[in-house]
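Report on one structure; see the data block that follows.
Chain letters run A, B, ... following the sequence lines, proteins first and then strands; every chain starts at 1. Note that this is a predicted model, so its numbers are computed, not measured. Quick note: numbers below take in every heavy atom, side chains included, and nothing from hydrogens, waters or symmetry partners.
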Protein chains: 2
Amino acid sequence: MAISEGLSIGALARRTGLAVSAIRYYEAQGLIQPWRNAGGQRRFQRADLRRLSFVIIAQKFGFTLPEIRELLDRLPGKRTPTPKDWAAISVAFRSRLDQRIETLEKLRDNLDGCIGCGCLSMPKCALYNPDDKAKAKGVGPRYLMGDSPD
Amino acid sequence: MAISEGLSIGALARRTGLAVSAIRYYEAQGLIQPWRNAGGQRRFQRADLRRLSFVIIAQKFGFTLPEIRELLDRLPGKRTPTPKDWAAISVAFRSRLDQRIETLEKLRDNLDGCIGCGCLSMPKCALYNPDDKAKAKGVGPRYLMGDSPD
DNA sequence: GTAATTTCTCAACCTAACTTGAGGTCAAGG
DNA sequence: CCTTGACCTCAAGTTAGGTTGAGAAATTAC
């Protein structure tokens, strides 16, 4: 292995635990930008190990690849990212994560209310219409659950 | 509309907010079992409104269709499910939901630790290897983030 | 110098949960 | 009766996040 000519895709795969195919896929999605050696093979910076680790973690947090890409784009392109750069990103993580937890908790509270009434019945049931998307779309569920008004 | 001959797929779609194609898909997945009228069209019971509402809600909780099917299979096939029947199911919801919340909170705690050290760096970082799947798979990430031991 | 690995590209396949389209039938209103 | 509009089936397309395979070229190991 040549000294300091960058990491091969296989080396990167072994050290991140990712499949080679996954790494190539991530490149296609713009998450990493390896260069090519004389023979046309991909060569990676050591900093890419960190980028890929980040990808793995961010996925555990439920981020999509485009979202992860956005986060990674905030990193300095030129210099190697410092711990401070990464820490800035984890703040973004944090708020996103808090959001998701809050959503689930809200759902849980609604569920608790519904266990009491045993309903899951619309249109009263808060579970059915927790104010997400398309509130006033006009078509939504109206007289559900068989207790129609006619 | 004939009296009490069951609901058409379109009526069901309007009242649940689901697409007709989605309802047919759910049937294919075994979530509902309409019968057919003389002309071969699907006819649904009123109780199916509740079943479909349940499907919608369960999906918000992150259940997959096969999982939802399992839950629905616990409902009495013959008689119309009572509130009690539904309440029994929401207990299953509850524990599942608690699990997911706990997982996220664990992740968040790890993240908080990592904001401090700014690392996201392996193999120390708890975020990277939160003890899920394939713990001793042998191949995992080892000396990551550029601080290799050689 | 040759054999064994790696790597390359590109196209096709995979799962989940649906949607869309083609071509044909059923049902309801005037 | 006849025209819409709702329905039917079946095949194929869609998105996300990859994997698999073929055939060829590069690299490494002995």
Item checked: Of B:F63 and B:A38, the one whose closest DNA chain C nucleotide lies more 5' -> B:F63
Next item on the list: Could you work out which one of C:dA27, C:dT6, D:dT9 sits closest to the side chain of A:Q41?
Entry: C:dT6
Check: Hey, which of these two, A:I23 or A:R43, hits DNA chain D nearer its 5' end, going by closest nucleotide?
Finding: A:I23
Check: Would you say D:dC7 has OP1 or OP2 under 4.0 Å from some side-chain N or O of B:S8?
Finding: yes
Checklist line | Euclidean distance, atom CD of residue B:E27 to atom C1' of C:dC18 [Å, nearest integer] | finding: 15 Å
Check: Could you give the CZ-to-P distance, from A:R69 to D:dG18, as a whole number of Å?
Finding: 16 Å
Note to self: I need the CD1-P distance between B:I9 and D:dA6, as an integer number of Å.
What the structure shows: 13 Å
Notebook entry, point to check: What is the distance from CD1 of A:I56 to C1' of D:dG17, rounded to the nearest Å?
Noted result: 14 Å
Check: When the distance from CZ of A:R36 to P of C:dT7 is rounded to whole Å, what number comes out?
Finding: 12 Å
Item checked: Check: B:L49 main-chain N/O paired with B:R15 side-chain donor or acceptor under 3.5 Å -> no
Note to self: Without decimals, in angstroms, what is the distance between A:L52 CG and D:dG18 C1'?
What the structure shows: 14 Å
Check: So, does B:Q59 use its side chain to make a donor-acceptor pair with the main chain of B:I56 at under 3.5 Å?
Finding: no
Next item on the list: Check whether any side-chain nitrogen or oxygen of A:R42 sits under 4.0 Å from OP1 or OP2 of C:dC8, and answer yes or no.
Entry: yes
Check: Just to confirm, is there a sub-4.0 Å distance from OP1 or OP2 of D:dG17 to any side-chain nitrogen or oxygen of A:Y26?
Finding: no
Checklist line | Whole-Å gap separating P (D:dA12) and OH (B:Y25) | finding: 17 Å
Note to self: D:dC8, OP1 or OP2 - any side-chain N/O from B:R24 closer than 4.0 Å?
What the structure shows: yes
Check: How far apart are the C-alpha atoms of A:R43 and A:E5, what are their side-chain angles, what is the distance that settles it, and do they pass the salt bridge (charged side-chain N to carboxylate O under 4.0 Å, His left out) test?
Finding: CA-CA 7 Å; A:R43 294 305 152 186; A:E5 282 293 349; over 6 Å; no
Notebook entry, point to check: B:L7 CG to D:dA6 C1': how many Å, rounded?
Noted result: 15 Å
Check: Do other residues, nucleotides or ligands put more than 12 heavy atoms under 6.0 Å from the CD atom of A:E102?
Finding: no
Notebook entry, point to check: Does A:Q45 offer a backbone N or O that forms a donor-acceptor pair with the side chain of A:D48 under 3.5 Å?
Noted result: yes
Margin query: OP1 or OP2 of C:dT7 versus the side-chain N and O atoms of A:N37: is any pair under 4.0 Å?
Written below: no
Notebook entry, point to check: Just to confirm, is there a sub-4.0 Å distance from OP1 or OP2 of C:dC18 to any side-chain nitrogen or oxygen of B:Q59?
Noted result: yes
